[in-house]
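Presented below is the structure to which this report refers.
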Amino acid sequence: MQIATWNVNSLSVRLPQVLDWLAANPVDALGLQELKLVEDKFPFMALQAAGYHAVAHGQKTYNGVAWLTRQPVRDVVRNIPGFADEQARTIAATLDTPQGPLRLINGYFVNGQAPGSDKFAYKLRWLDALRAWVKAELVSHPRLVVLGDFNIAPEDRDSYDPEGLRGSIHHTEEERAQFQALLGLGLHDAFRLFEQPDKCFSWWDYRMLGFQKNRGLRIDHILVSDALRPAATACTIDRAPRKNPQPSDHAPVVVTLAD
DNA sequence: ATGGTAGACCTTCTA
């Protein structure tokens, strides 16, 4: 089976591209981020016609996350339990598979703007809350996937300019320590379980010909739990949609799990 | 030098 993540930067604008991508890549589950729409405006019908069930946690203008799945999910949880958050950033759901239940957590992690800012402090508090939640979820759901737009480049090789951007947003020691702490719970960066080419990124700035120059960051991730690690057989970034007219600034990331 | 682009929206915020 295949599970994917994609920050679409407005689902209203990107819906045709999402439908095209799903037609070519009929994954079992796709976590979307930055819907930028409320649930009342979520395109349930168009996705249903394409063969996908959907559960969404929407918000006007900003944020918003959703799961699109071939089979219906259960036990949907919106936001991080116990963490008061006005921003719609996570949605969790359980997918029943022949191998057992699979818990899926989809997050649009806080951007954080700049180290030292209020938004950066919010990012670190949010990451603390997320990690406590994931730790608890792992107890009841050993088969766990945490994916989304993490807004963290975990290592120097995940940035087009690790020296020039050292200490700047997405690159700080605090953010990288948070990423490692998540892995420390018993999770694995699926992309790094496999041999990959150099300079693989999942996001490129719209400005300054970022994509054409491959000036990007790898900030979209799929983490799989210890129990799932043996099943993972591939993880790839699909750059193709970034070449579309009116693209999202992020590319989809896909993990393949053996049956 | 602090640029530039995209999306949603009320003229600026977020990324």
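Just so we're clear, the structure is a prediction, and the values are computed from it rather than from any experiment. Here is how names work: the chains are called A, B, and so on, in the same order as the sequence lines, proteins then strands, and each is numbered from 1.
Between the P atoms of B:dG3 and B:dT12, the separation comes to 16 Å (whole Å). Rounded to a whole angstrom, the distance from the C1' atom of B:dC10 to that of B:dG4 is 23 Å. A gap of 12 Å separates the C1' atoms of B:dC9 and B:dT14, to the nearest Å.
A donor-acceptor pair under 3.5 Å is formed between the side chain of A:Y206 and the backbone N or O of A:D249.
When the C1' atom of B:dA6 is taken as reference, atom CG of A:N7 falls 12 Å away, rounded to whole Å. When the C1' atom of B:dT14 is taken as reference, atom NZ of A:K60 falls 15 Å away, rounded to whole Å. Between the OH atom of A:Y122 and the P atom of B:dT14 there is a distance of 12 Å, rounded to whole Å. Across the protein-nucleic acid pair, A:L35 atom CG and B:dA6 atom P stand 21 Å apart, rounded to whole Å. Between A:D118 atom CG and B:dT14 atom C1' the separation is 15 Å, expressed in whole Å. Whole-Å rounding puts the A:M208 CE to B:dA1 P distance at 16 Å. Regarding A:E34, its CD atom lies at a distance of 13 Å from the P atom of B:dT14, rounded to whole Å. Atom CG in A:D249 sits roughly 14 Å away from atom C1' in B:dA8 (whole-Å rounding).
The phosphate of B:dT14 (OP1 or OP2) has a side-chain N or O of A:K119 nearer than 4.0 angstrom. In terms of phosphate contacts, A:R14 brings no side-chain nitrogen or oxygen within less than 4.0 Å of OP1 or OP2 of B:dA6. For B:dA15, the OP1/OP2 oxygens have no side-chain nitrogen or oxygen of A:K36 closer than 4.0 Å. Contact annotation: A:Q246 does not reach the phosphate of B:dT5 (side-chain N/O to OP1 or OP2, under 4.0 Å).
Comparing A:N9 and A:H250 by the nucleotide of DNA chain B whose heavy atom lies nearest to each, the residue mapping closer to the 5' end is A:N9. If A:T61 and A:D205 are placed on DNA chain B by their nearest nucleotide, the residue sitting closer to the 5' end is A:D205.
In this structure, of B:dG7, B:dA6, B:dA15, it is B:dA6 that holds the atom nearest to the side chain of A:Y206. In the set B:dT14, B:dG4, B:dA8, the nucleotide with an atom closest to the side chain of A:Y62 is B:dT14. Distances were taken from every side-chain heavy atom of A:R89 (C-beta onward) to each of B:dA8, B:dC9, B:dA15; the shortest belongs to B:dA15. For A:R207, the listed nucleotide lying nearest its side chain is B:dA15; candidates were B:dA8, B:dC9, B:dA15.
Judged purely by distance below 3.5 Å, without hydrogens or angles, the side chains of A:D238 and A:W21 pair a donor atom with an acceptor atom.
No option in A:W133, A:F120, A:F109 other than A:F109 meets the ring pair (Phe, Tyr, Trp, His ring centres under 6.0 Å) test with A:W126.
Residue-environment remark: NZ (A:K199) stays at or below the threshold of 12 foreign heavy atoms within 6.0 Å. Residue A:E86 places its CD atom among 12 or fewer non-hydrogen atoms of other residues, nucleotides or ligands, all under 6.0 Å distant.
The residue A:Y108 sits close only to the backbone: its heavy atoms come under 4.0 Å of sugar-phosphate atoms, none of a base.
Note that the CH2 atom of A:W6 and the CG atom of A:L147 stand 14.5 Å from one another [nearest 0.5 Å].
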